[in-house]
Amino acid sequence: MAKIGYTKCPHCNNSEATVSESTGHTITLRCHRCDLTAFAKAGSKLARDIRAKMTPLEEDEPAPISTPKNTPHKGVTETAKEPPPTKQVNSVFNLGAL
């Protein structure tokens, strides 16, 4: 469940109740003071009322999109570096240069 905001508790009216949303879009309202727990299915009148009264959480600003450091900028071409050739190990299965 992801927290999506806070609202006043409809039962005790003094404390803030946490509003969460499940993966099935069911809204849960929980008060830590009076232990009220209310569930509202997605699209129901209660869910719309809770969303209208709640204060949404402040989300962090998205990070700016930037180019990765390893990729060259436009117009700059680099030659691909090939790994150095590895020595072939002679074994029973590979007779090598006999």
Sequence-distant partners of Arg48, salt bridge (Lys or Arg N to Asp or Glu O under 4.0 Å), two or more places apart: none
Hydrophobic cluster (4.5 angstrom, side-chain heavy atoms) - remaining members for Met54: Ile4, Val19, Ile27, Leu29, Leu36, Leu46, Ile50
Between the NZ atom in Lys8 and the CD atom in Glu16, the distance rounded to the nearest 0.5 Å is 9.0 Å
Worked verdict on Lys53 versus Asp49 for salt bridge (charged side-chain N to carboxylate O under 4.0 Å, His left out): CA-CA 6 Å; Lys53 292 179 182 179; Asp49 290 345; over 6 Å; no
Thr28 vs Thr37 side-chain heavy atoms within contact, under 4.5 Å: yes
Between atom SG of Cys9 and atom CZ of Arg33, what is the distance when rounded to the nearest 0.5 Å? 9.0 Å
Nearest 0.5 angstrom please: Ser15 OG to Tyr6 OH, how far? 12.0 Å
Have a look at Glu21 and tell me which of Arg51, Lys41, Lys3 forms a salt bridge (charged side-chain N to carboxylate O under 4.0 Å, His left out) with it. Arg51
